[in-house]
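This one's a predicted model, so the numbers in the text were calculated from it and none came from an experiment. By convention here, the first residue in the shown sequence is residue 1. Atoms considered below: every heavy atom in the structure, side chains included; atoms not considered: hydrogens, waters and symmetry mates.
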Amino acid sequence: MSERSAPPGGLALVQALVNTLDIESGRDALDTPEGRARFGLTEDGVEPARALRESLRATLLAHAGHPPHREVAPLGELLARAPLVVTVDPADGSAALAPVDDGPLLSRIAAAVAEAVTAGTWNRLKACEAADCHWAYYDRSPAGRGRWCSMQVCGARAKMRRYRAKGA
């Protein structure tokens, strides 16, 4: 739904996972072989990926100052199960958290979150406040107060609803 540019680093993976569900239409990309392949998932991995997706969505709503969309497993509890290791670049000595292997989606998401926290970008990944959207977007606004994934769609709808409510 969003015309915004991609988030930095590993946050693109987080955003892509959250945006596999189109709430308005009910379409879930994880229902298709192509959608699962994008994340390296088998059919057995779909339900845990959905739980992770909705936990991420609740966290991104919190980043935007909104309550969770529904009750979900706490993101910290899910990410605590992800096997990560500290890697050190021999060239410059920089350190990072990385998945033990490249396979598990949970580990890749945990590494992306750790990278974003370190870079100071984690709280800029948000979920649209529109209840029929909740699409993930990266807020590049100077004050970090973006509310919608798209000003042209979700923002315009919200403003029109407010306008009509005033005039009635």
Side-chain angles (χ1 to χ4, degrees), residues 1-129 133-140 144 146 149:
M1 171 137 345
S2 177
E3 71 279 349
R4 294 175 181 256
S5 59
L11 287 180
L13 174 65
V14 176
Q15 180 183 42
L17 178 61
V18 172
N19 291 348
T20 56
L21 176 64
D22 183 335
I23 292 173
E24 190 171 26
S25 71
R27 278 178 286 174
D28 187 342
L30 298 181
D31 288 338
T32 67
E34 299 81 24
R36 291 188 295 273
R38 182 175 182 197
F39 298 98
L41 295 172
T42 63
E43 285 190 43
D44 292 343
V46 171
E47 287 311 312
R50 284 186 176 134
L52 177 59
R53 174 183 67 197
E54 297 312 313
S55 185
L56 285 163
R57 187 183 318 280
T59 300
L60 302 187
L61 282 165
H63 286 175
H66 305 295
H69 59 305
R70 62 185 174 110
E71 193 169 321
V72 296
L75 184 59
E77 287 179 16
L78 295 178
L79 296 181
R81 300 178 196 150
L84 299 175
V85 296
V86 176
T87 61
V88 179
D89 186 327
D92 67 5
S94 61
L97 285 175
V100 170
D101 60 50
D102 291 334
L105 177 62
L106 180 62
S107 294
R108 290 183 284 141
I109 293 289
V113 170
E115 173 193 341
V117 168
T118 302
T121 58
W122 174 236
N123 288 339
R124 290 279 183 148
L125 190 63
K126 299 178 179 183
C128 181
E129 78 173 36
C133 180
H134 292 320
W135 208 251
Y137 68 93
Y138 189 76
D139 184 1
R140 294 183 187 279
C149 65

Exercise for the section: Any ring pair (Phe, Tyr, Trp, His ring centres under 6.0 Å) involving residues 78-101? Give me the pairs, sequence neighbours left out, ordered by first then second residue. Expected result: none

Problem - Nearest-0.5 Å distance, CZ of residue Arg36 to CG of residue Leu30 - result: 8.0 Å

Practice task
Mind listing the closest non-hydrogen atom pair of Ala16 and Arg38 along with its distance?
Solution key: CB-NH2, 3.4 Å

Exercise for the section: Can you sort out the partners of Ala111 under side chain to side chain contact (heavy atoms under 4.5 Å, CB included), two or more places apart, ordered by chain and number? Expected result: Leu84, Pro99

Practice task
Taking the side chain as every heavy atom from C-beta outward, state whether Leu97 and Val85 have any atom pair closer than 4.5 Å.
Solution key: no

Exercise for the section: Output the distance between atom NZ (Lys126) and atom OH (Tyr137), rounded to the nearest 0.5 Å. Expected result: 5.0 Å

Residues 114-123, side-chain donor-acceptor partners within the protein, below 3.5 Å, at least two apart:
{"residue": "Thr118", "atom": "OG1", "partner": "Ala114", "partner atom": "O", "Å": "3.0"}
{"residue": "Thr121", "atom": "OG1", "partner": "Ala116", "partner atom": "O", "Å": "3.4"}
{"residue": "Trp122", "atom": "NE1", "partner": "His63", "partner atom": "NE2", "Å": "3.3"}
{"residue": "Asn123", "atom": "OD1", "partner": "His63", "partner atom": "NE2", "Å": "3.2"}

Exercise for the section: Would you mind listing every ring pair (Phe, Tyr, Trp, His ring centres under 6.0 Å) that reaches into residues 94-118, with sequence neighbours excluded? Expected result: none

Exercise for the section: Kindly state each residue pair satisfying salt bridge (Lys or Arg N to Asp or Glu O under 4.0 Å) with at least one member in residues 74-89, sequence neighbours excluded. Expected result: none

Completion exercise
Residues passing the side chain to side chain contact (heavy atoms under 4.5 Å, CB included) test with Pro83, sequence neighbours excluded, are Val100, Ser107

Exercise for the section: For Glu24 and Cys133, indicate whether the former's side chain and the latter's backbone hold a donor-acceptor pair under 3.5 Å. Expected result: no

Practice task
Please identify each residue that fulfils salt bridge (charged side-chain N to carboxylate O under 4.0 Å, His left out) with Glu34, with sequence neighbours left out.
Solution key: none

Exercise for the section: Check whether any side-chain heavy atom of Arg140 sits under 4.5 Å from a side-chain heavy atom of Ser5, and report yes or no. Expected result: yes

Handout entry: For Ser94, all residues meeting side chain to side chain donor-acceptor pair (under 3.5 Å), sequence neighbours excluded
Key = Asp92

Handout entry: Between CD1 on residue Ile109 and CZ on residue Phe39, distance to nearest 0.5 Å
Key = 7.5 Å

For residues 53-61, dump all side-chain donor-acceptor pairs below 3.5 Å to protein atoms at least two apart in sequence or in another chain.
{"residue": "Arg53", "atom": "NH1", "partner": "Thr20", "partner atom": "OG1", "Å": "2.9"}
{"residue": "Arg53", "atom": "NH1", "partner": "Asp28", "partner atom": "OD1", "Å": "2.9"}
{"residue": "Arg53", "atom": "NH1", "partner": "Asp28", "partner atom": "OD2", "Å": "3.2"}
{"residue": "Arg53", "atom": "NH2", "partner": "Asp28", "partner atom": "OD2", "Å": "3.1"}
{"residue": "Glu54", "atom": "OE1", "partner": "Arg57", "partner atom": "NE", "Å": "2.9"}
{"residue": "Glu54", "atom": "OE1", "partner": "His69", "partner atom": "NE2", "Å": "2.7"}
{"residue": "Glu54", "atom": "OE2", "partner": "Arg57", "partner atom": "NH2", "Å": "3.2"}
{"residue": "Ser55", "atom": "OG", "partner": "Ala73", "partner atom": "O", "Å": "2.6"}
{"residue": "Ser55", "atom": "OG", "partner": "Leu75", "partner atom": "N", "Å": "3.0"}
{"residue": "Arg57", "atom": "NH1", "partner": "His134", "partner atom": "O", "Å": "2.8"}
{"residue": "Arg57", "atom": "NH2", "partner": "Val18", "partner atom": "O", "Å": "3.1"}
{"residue": "Thr59", "atom": "OG1", "partner": "Ser55", "partner atom": "O", "Å": "3.1"}

Completion exercise
The salt bridge (charged side-chain N to carboxylate O under 4.0 Å, His left out) partners of Asp31 (sequence neighbours excluded) come to Arg50

Handout entry: Pairwise distance CG(Asn19) to CH2(Trp135) - rounded to 0.5 angstrom
Key = 4.5 Å

Practice task
Identify the heavy atoms of Leu105 and Ala49 that sit nearest to each other, and give their distance.
Solution key: CD2-CB, 4.0 Å

Completion exercise
Those residues at least two apart in sequence (or on a different chain) that pass side chain to side chain contact (heavy atoms under 4.5 Å, CB included) with Ala12 are Pro7

